[in-house]
Each structure stands twice: as structure tokens, then as C-alpha cells.
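The structure appears below as C-alpha cells.
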Amino acid sequence: MTAPVKQHLIDPEICIRCYTCEMTCPIGAIQHDDTNVVVDPETCNSCMDCIPVCPTGSIDEWRVVTTPYSLDEQYGWDELPPQEDLGEASAGGIEALDEAMAALLAEAHAGAGGKSRAPASAAKPSVNLYTLGKPATAKVQGNYRLTDDPEHDVRHIILDFGALPMPVLEGQSIGIIPPGEDAEGNPHLPRLYSVSSPRDGERPGYNNVSLTVKREGGGLCSNFVCDLKPGDTVQVTGPFGATFLLPDDAQARLLMICTGTGSAPMRAFTMRRNRTVGGRSGGMVMFFGARTPESLPYFGPLKKVPSDLLEKHLVYSRVGEAKEYVQDRMMAEEERVAELLSDPRTHVYVCGLRGMEDGVERAFTSVAESMGQSWVALRDVMRDEGRYHVETY
Ligand code: NAP
């Protein structure tokens, strides 16, 4: 019998096709086709460089196998195969492999990232209906500027899918394929944007979806999207994401921490709750960081959201003398955050700049200490229960 090996795989249901793992792998072991992102078992040396950069944890899948799954098999999957039963004979081998792998994985997971789970009561998401090879075509219904700061152009883009099904849940993303080709003559890869509208459409009952997109200097896709005009068409992939989802349980409490355009999914969550349970829900608390009120997306409409639906902590980094970040305000509101963390109904969502992760982790560590608890232990319980979600880029 061939000795069992632990094969590195990617969960095609959870992967959001951002290709960050592929770009990070130092030895070219990760590749993609029009549908899936896969790991070449011949090349992968389990160095774990790809683990912490994955925004969803879909990269963190392992199967003990006697014959590794081929690339062709992986390209054909809609979902991961279960661990096959290798019988008693290989059990010792599996345990030994687990110990070595567990040590490497623990190191890779030292940061805030990790393998998240969907909230227990979340609706089942549809994923990967439209791929690079078979994208959906959407028509632009609107493109509205959201910010007054001339240096900070953030747009609210509404895409209409007409008769094409596009079942997106709040917290999911879609990909936009920029037109044209890259330097090697290949079509551009899609860029991902979180959907900022609720599941029943930006306008209730319409088959449309909104995005929140910031124009980046020299950004190929963000400039394409920010310049779109009503009536233009765009090629769309997705939906993606199966864990950063809203609990359907109306009594769940939400603690949402975001920066800039990372507010997109929080808008979708807020609109969904507003349209369903309103102020009678378990409550939503938001820490939202931006440079100034003029550069905070949705500043005007957000101000009007009633506080019984959403408790807002708007935090500005470039107003006045001292810089304030979301993590500073969380610590200033230590008792409020501690009260939320101590409630098993609370779900935490962090979305925005990758750089915020460390600061937010430090803030949670300090709040947990004030409760006499270890943040890492609390976070891991929340993550296992589908109550802790991070999506940063
Ligand atoms: P931004 O305007 O550049 O920054 C927003 C705020 O975050 C600013 O006040 C900034 O302060 C502050 N900030 C900078 N470093 C920080 C840190 N280490 N900790 C805490 N706060 C920090 O943000 P943006 O350009 O909108 O970018 C948001 C990010 O979200 C992007 O990376 C985007 O890819 C990501 N994202 C977007 C979506 C989406 O669908 N749109 C979804 C998920 C993630 P200063 O600049 O004054 O230092």
C-alpha cells in the first residue's frame, strides 16, 4: 500500500477567485482555469505561504490520500470530496502527518486570518454561477459619486442583470472582468467587489446589484468601473463567498468594523435588516473608519439610519490633530465592545484594509483582557461557531 500523504486543496465553494494565493505561491504550485483555482500535488511543498493571504480560508483544506487528486479532477469539482476512509492500516500515518502539519498551520494562522464558517442560520449561498469562460453580462443602471473629497472618488454602481439569475446574498462578492488583454495577450482576470445591496435587489424586487468602488490611481478595473455610464455593459463572474454572510436569525447581534469601501457588505447587512426586522432585531453596532466625513462612503444616507437599527461610531483619521482609527475607538468604547463579545448571539465582521487587521486584533485582545479572557481563545470559539468573519485586502 502507498504511504498516505496530506494533499493541499482549495474549497471551490468558498474560494472567491481573487487569485491572491496563486500570485503568492513562490514555486508556482497554484493555477486556475476558467472555473477553479487548484493546487498541483506534484509541485506543492506545503510551505504555507498561501495560507495567511487567503481572505476566506478556502485555501486551508487538506485530505489524507494514497493517490493525490489530479489537477483535472480538481478542475472538475463543484465541491470538495469528503475525506476518504483509508482504514486502520493508515491511521498511525495520518496522525503523524497531522502533528507535523498542525505545527506549520498554527504558525501560518498566527494572525487574524483563519478558516471561517458561515453563521449557522445564514441562507445557503449560490456560488460560481458565472465563470471567466462563461460570464454574465450586466447593464449599468446607475453610477453615483458617494464622496465630496476631490482626492477620493468612491462610486455607487448599480448593475442590472435583466432576465439572468444573479442570486447574491449580503456579504458575497462578484467579479468584474476589465475589457482588453494583459501584457501577455491574455484576457484580464476579474477583480472582486463586495455587493453593497441586499438579496432582493438595490431596489426591492428588481434583479439588480450595487457595488461600492473607489477609483485607484492607475487602477485598471477601478477606473473602468468608475467611468461606466448608464446603458454600458460589463462582464461579471460569481457570486463568490460562502462564509461572510448575514445570520437570518433576527436576534443575532452584529458588531461590524470597516474602513472605506470595506463598508460595502455592512450596507447590505443594514439594508437587509431594515427591510425585514428593522429596529426589532438583536441590534447592529458599527465602527466605520474614513479619512474625513467627505471621504466616508454613504455619509449622508448613513447619518439618517435610525440608531435603534444601527449604532454608528464614525471614526476619522484626518480630522483635527490626532489620528483616530477604528481600533482606537473600539478601545475607547471598551465596555460596549466587551458587552457584545460576552454575548453568544454576537457575530463580528471585519472588512477593509488589510493593515487594519493587526490593530483590530490588538483592540480585541485588550477588550478581552478587560473581561479576564483570552482573545485568541474567544476568537477561535466564535470562528468555529460561524460568528467571526474577516475579509481584508
Ligand atoms: P482608505 O480610504 O484608504 O482608508 C480608510 C480609513 O482607514 C482611513 O481613515 C485610513 O487612514 C484608515 N487606515 C489606514 N491604515 C489603517 C490601519 N492600519 N488600521 C486602521 N485604519 C487604517 O480605504 P479604501 O481605499 O476605501 O480601502 C478600503 C479597503 O477595503 C481596500 O483595500 C479594499 O480593497 C478593501 N475592500 C473593499 C471591498 C469592496 O467591496 N469595496 C470589500 C472588501 C475589502 P489614513 O489613510 O488616514 O491613515
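One-based numbering, in listed order, for ligands and for the atoms of each. What you see is a predicted model; the values in this text were computed from it and never measured.
Of all atoms in ligand 1, listed by their number and element, those nearer than 4.0 Å to a heavy atom of Gly289 are 5 (C), 6 (C). Of all atoms in ligand 1, numbered sequentially from 1 with element shown, those under 4.0 Å from a heavy atom of Lys323 are 45 (P), 47 (O), 48 (O). Those atoms of ligand 1 that come under 4.0 Å of a heavy atom in His152, given as number and element, are 2 (O). The Thr212 neighbourhood of ligand 1 comprises atoms 41 (N), with distances under 4.0 Å to a heavy atom of that residue. Near Gly260, with a cut-off below 4.0 Å to any heavy atom, the atoms of ligand 1 are 5 (C), 23 (O), 26 (O). The contact set between ligand 1 and Ser317, taken as ligand atoms under 4.0 Å from a residue heavy atom, comprises 8 (C), 9 (O), 10 (C), 11 (O), 45 (P), 47 (O). Against a heavy-atom cut-off of under 4.0 Å, Gln327 is close to the following atoms of ligand 1: 19 (N), 20 (C). Interface of Arg318 with ligand 1, defined as ligand atoms under 4.0 Å from a residue heavy atom, comprises 45 (P), 46 (O), 47 (O).
Checked by atom type, the side-chain pair Thr137/Gln235 shows a donor-acceptor distance below 3.5 Å. In summary, the side chains of Ser210 and Glu202 do present a donor paired with an acceptor at a separation below 3.5 Å, with no hydrogens or angles considered. With no hydrogens or angles considered, a side-chain donor-acceptor pair links Glu22 and His32 at under 3.5 Å. In this model, no donor atom of one side chain and acceptor atom of the other lie less than 3.5 Å apart for Thr20 and Tyr393.
Every N/O-N/O distance between Thr259 and ligand 1 stays at or above 3.5 Å. Here's the thing with Gly355: one of its N/O atoms is less than 3.5 angstrom from an N/O atom of ligand 1. Between Ala264 and ligand 1, not a single N/O pair is under 3.5 Å apart. Ligand 1 has no nitrogen or oxygen under 3.5 angstrom from a nitrogen or oxygen of Glu391. No N or O atom of Glu216 sits closer than 3.5 Å to an N or O atom of ligand 1.
Both the backbone and the side chain of Met356 come within 4.0 Å of ligand 1, counting heavy atoms alone. Under 4.0 angstrom from ligand 1, the non-hydrogen atoms of Thr261 come from both its backbone and its side chain. By the criterion of a heavy-atom distance under 4.0 Å, both the backbone and the side chain of Arg291 are placed next to ligand 1.
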Cys258/Met286 under side chain to side chain contact (heavy atoms under 4.5 Å, CB included): CA gap, chis, key distance, verdict: CA-CA 8 Å; Cys258 60; Met286 174 192 240; 4.1 Å; yes
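Taking atom 48 (O) of ligand 1 as the reference point, the nearest protein heavy-atom neighbour is Tyr325 OH, 2.5 Å. Protein heavy atom nearest atom 44 (C) of ligand 1, with residue, atom name and distance: Tyr393 CD1, 3.1 Å. Of all protein heavy atoms, the one lying nearest to atom 40 (O) of ligand 1 is Ser194 N, 2.7 Å.
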Expected list for residues 117-127: side-chain donor-acceptor pairs under 3.5 angstrom, two or more places apart:
| residue | atom | partner | partner atom | Å |
| --- | --- | --- | --- | --- |
| Arg117 | NE | Asp384 | O | 3.2 |
| Ser121 | OG | Asp248 | N | 3.0 |
| Ser121 | OG | Asp249 | N | 3.0 |

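In this pair, His313 and Phe287 present their aromatic rings parallel. The plane angle is below 30°, not in the 30 to 60° band.
Ligand 1 lies out of reach of Arg354, whose nearest heavy atom is not under 4.0 Å from it. Under the 4.0 angstrom criterion for non-hydrogen atoms, Cys351 is in contact with ligand 1.
Ionic pairing of Arg191 and Glu216 is not present here: no N-O contact between side-chain nitrogen and carboxylate oxygen is shorter than 4.0 angstrom.
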